[in-house]
Trainee: 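One structure follows; several queries about it will come next.
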Amino acid sequence: MTEMNELKVEVLLDIINSSVREAMAEYKKTGHGVPGADSTTFHPLDLATDTLALRKAIRLLEGAYHQLSAVLAPPQHTVYNFVHNYTWACTDVAIRSRIADILDQHPEGLSVDALADTVNLDKTKTARVLRTLALKGCFKEVEHEVFANTRLSLTLKSKSNVGCMVRVHQDVPKYGAILYDTMIDNEYARSYEVDKSPRLFSLRKEGINSGYWEMDGETRDRFQRGMLGHTEIIGSSAVLHHYPWENVSSAVDIGSGIGAISIPLANMFPHLRITNQDLPGIMEQAQIAWEKDASEALRDGRIKFVPFNFLEESPVAGQDVYYLRNILHDWPDTESMTILRNIRKVMGPNSRVLIHDCVLFHTVEEPDVETIKFAKAPEPMLSNFGAGSHTSYQQDMFMWLLFNSKERTLNELKILGQVPFIPAYIGDN
């Protein structure tokens, strides 16, 4: 058994080595080489819309090295690291005080004295925050008590959409702190209703009863920018390159936001007629974003903005593709089926629904679900890539904490798709 365990460690090392080489190859293809740990500018690949090959390599790398660490490190060490992690709090300080913006004006570095004075924070505490983040490559101490930006910290600038997405998570830790309480509460424990989320459980204890989507102008703007950032974070723009849009004439972006996907889609495929549909206030924001980033598509008359509520209304009828990106994961099964049912009412004979959500794969495969070859890791890794699936599984927890909803497995998505047939197609009416 000992020899077998050693062999598995060697194989994990080989996977780490090969995945690193695959990632390096993707960077080299750009002609700009591999980024450095101390780089103070983005690499061209950081801003690319199709990073699927790189992300596959990183999924292998992260899954293998975390599994290797779990094997070789003392279990006490590993388990304590699960909770002994306050990087999120330091990141929040950095974003809210706009430290990355200040350091961006001083590429060679700025003393913590000057930095702390500029952002009106205590010098010693500011240095502790920055040193904690620097352990992960976010900021760097170029000399004693002199700090500079890195490629990672640039994403925390105030104009960064990724930074806005980080701010969306600002209150989530307190909802996680009462997760167990909701699991033993008589009213919440076995409920999958949208109004029984840990977030609402927490707020009601504070005497607050407000829906997540009831946002003021500033919060809504930050959220919509955060959705643009989320597109960068999880690489959603790959759909622009890996779906046959050239064979599509019309598309509806359901819950489009301000156009995180539909704007680049319109710019890449000028033959497409696109309808954006979301709540009225968001549609007003969207038109401003389109005038800035896709004005030609607007002038050509290829773009429509149609306000609606997908829980109460159907989208425009008879379109080729009905696209839902990060919509169903916001809602429990009942509401998700309502959304799909409302779409099905208006679909034409050749219409398609394109659901763009995370898909969860378990370490033990579900019965009667065909294994997708790219979704299964090589042995001896956990079959679902282990920590390489960190983002998907943490996103699942995020949905639970905020909305009592979830990311779904392939089987769960197939079940959702079996909404009752409604024969009344109104496209010709």
Side-chain angles (χ1 to χ4, degrees), residues 1-39 42-48 50-85 87-88 91 132-140 150-153 155 162 232-235 238 358-365 371-397:
M1 180 62 71
T2 300
E3 290 182 359
M4 180 60 69
N5 288 340
E6 289 181 10
L7 179 60
K8 289 180 179 180
V9 167
E10 293 292 345
V11 175
L12 287 172
L13 283 171
D14 289 340
I15 293 172
I16 291 171
N17 186 54
S18 62
S19 59
V20 166
R21 293 191 180 282
E22 289 170 11
M24 290 172 64
E26 290 302 310
Y27 282 107
K28 290 178 180 179
K29 285 178 184 177
T30 66
H32 292 266
V34 177
D38 293 336
S39 178
F42 286 122
H43 188 282
L45 195 57
D46 298 337
L47 308 175
D50 185 10
T51 56
L52 187 59
L54 174 64
R55 289 173 184 276
K56 287 182 178 180
I58 298 304
R59 179 174 62 174
L60 270 173
L61 174 62
E62 290 182 337
Y65 74 63
H66 278 285
Q67 188 167 328
L68 185 62
S69 178
V71 169
L72 298 179
Q76 302 91 332
H77 166 89
T78 301
V79 171
Y80 191 52
N81 281 345
F82 293 169
V83 295
H84 198 52
N85 185 343
T87 307
W88 59 270
T91 304
T132 298
L133 291 172
L135 292 175
K136 301 291 182 71
C138 189
F139 300 109
K140 61 180 177 180
T150 63
R151 172 168 157 255
L152 272 65
S153 64
T155 64
V162 172
E232 299 176 39
I233 292 165
I234 67 173
C358 292
V359 177
L360 294 183
F361 292 93
H362 298 159
T363 53
V364 178
E365 296 172 12
T371 301
I372 302 174
K373 62 180 180 179
F374 65 78
K376 187 173 183 178
E379 294 183 351
M381 289 181 64
L382 296 174
S383 62
N384 66 350
F385 296 88
S389 295
H390 171 91
T391 299
S392 297
Y393 272 81
Q394 295 303 311
Q395 181 86 352
D396 179 51
M397 294 301 302

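All values reported here derive from a predicted model rather than from experimental measurement. The first residue of the sequence shown is numbered 1, and numbering continues consecutively from there.
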Trainee: How far does CD1 of Ile233 sit from OG1 of Thr155, to the nearest 0.5 angstrom?
Mentor: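 Interatomic distance, Ile233 CD1 to Thr155 OG1, rounded to 0.5 Å: 8.0 Å.
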Trainee: Please enumerate all residues that pass salt bridge (Lys or Arg N to Asp or Glu O under 4.0 Å) together with Lys136, with sequence neighbours excluded.
Mentor: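 For Lys136, no residue satisfies salt bridge (Lys or Arg N to Asp or Glu O under 4.0 Å) once neighbours in sequence are set aside.
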Trainee: Please round to the nearest 0.5 Å and tell me the distance separating atom OG1 of Thr391 and atom CZ of Arg59.
Mentor: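 It is 11.0 Å, given to the nearest 0.5 Å.
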Trainee: Main chain of Asn384, side chain of Ser389: is a donor-acceptor contact present, judged purely on distance under 3.5 Å?
Mentor: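 Yes, the answer is positive, given that a donor and an acceptor are paired below the 3.5 Å cut-off.
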Trainee: Do Thr150 side-chain atoms and Gly137 backbone N/O form a donor-acceptor pair below 3.5 Å?
Mentor: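 Yes, the answer is positive, given that a donor and an acceptor are paired below the 3.5 Å cut-off.
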Trainee: Check Pro380 against Gln67 and note the closest heavy-atom contact, atom names and distance.
Mentor: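 Pro380 and Gln67 have their closest heavy atoms at O-NE2, 2.8 Å.
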Trainee: Looking at Leu152 and Cys138, what are the two nearest heavy atoms and their distance?
Mentor: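 Scanning both residues completely, I find the closest heavy atoms to be CB-CA, 4.0 Å.
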Trainee: When rounded to the nearest 0.5 angstrom, what distance separates OH in Tyr65 from CD1 in Ile16?
Mentor: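 The OH atom of Tyr65 sits 9.0 Å away from the CD1 atom of Ile16.
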Trainee: Run the numbers on Lys56 and Leu52 for side chain to side chain contact (heavy atoms under 4.5 Å, CB included), then give the verdict.
Mentor: CA-CA 6 Å; Lys56 287 182 178 180; Leu52 187 59; 4.0 Å; yes
Trainee: Is Asn81 close to His77 at the side-chain level, that is, under 4.5 Å between some pair of heavy atoms?
Mentor: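 Yes - at least one pair of side-chain heavy atoms lies under 4.5 Å apart.
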Trainee: Would a 4.5 Å heavy-atom cut-off, applied to side chains only, mark Ile15 and Pro378 as touching?
Mentor: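 A side-chain contact exists here, since the closest heavy-atom pair is under 4.5 Å.
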Trainee: Nearest 0.5 Å, what's the OG1-CG distance between Thr51 and Leu45?
Mentor: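 Between Thr51 OG1 and Leu45 CG, I get 6.5 Å after rounding to 0.5 Å.
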Trainee: Can you find a pair of side-chain heavy atoms, one from Met381 and one from Leu60, that are under 4.5 Å apart?
Mentor: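 Yes, side chains in contact.
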Trainee: After noting the C-alpha distance and the side-chain angles of Tyr27 and Asp46, does the key distance pass the side chain to side chain contact (heavy atoms under 4.5 Å, CB included) rule?
Mentor: CA-CA 9 Å; Tyr27 282 107; Asp46 298 337; 4.2 Å; yes
Trainee: Indicate yes or no: at least one non-hydrogen side-chain atom of Met4 is less than 4.5 angstrom from one of Leu7.
Mentor: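 Met4 vs Leu7: side chains touch.
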Trainee: Using a 3.5 Å distance criterion without hydrogens, assess whether the side chain of Ser383 forms a donor-acceptor pair with backbone atoms of Thr363.
Mentor: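 Between the backbone of Thr363 and the side chain of Ser383 there is a qualifying donor-acceptor contact (under 3.5 Å).
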Trainee: For residues Lys140 and Ala134, report the shortest heavy-atom separation together with the two atoms involved.
Mentor: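 In terms of heavy atoms, the two residues are closest at CA-CB, 4.4 Å.
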Trainee: For His362 and Tyr393, take the angle between the two ring planes, folded into 0 to 90°, and tell me which bin it lands in: parallel under 30, tilted 30 to 60, perpendicular over 60.
Mentor: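 Tilted, since the angle between the ring planes falls between 30° and 60°.
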Trainee: Can you check whether Pro75's main-chain N or O pairs, donor with acceptor, with Thr78's side chain at less than 3.5 Å?
Mentor: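 Side chain of Thr78 to backbone of Pro75, a donor-acceptor pair under 3.5 Å: no, none is there.
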Trainee: Roughly how far apart are Gln395 CD and Ile234 CD1, rounded to 0.5 Å?
Mentor: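 One gets 6.5 Å once the value is rounded to the nearest 0.5 Å.
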Trainee: If you measure from CD on Glu10 to CG on Leu68, what distance do you get to the nearest 0.5 Å?
Mentor: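 It comes to 9.5 Å.
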Trainee: Could you tell me which residues satisfy ring-ring contact (aromatic ring centres under 6.0 Å, His included) with Tyr80, sequence neighbours excluded, listed by chain and number?
Mentor: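 His84.
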Trainee: Return the minimal non-hydrogen interatomic distance between Pro35 and His43, and the atom names on each side.
Mentor: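 For Pro35 and His43, the tightest heavy-atom pair comes out as CD-CD2, 3.9 Å.
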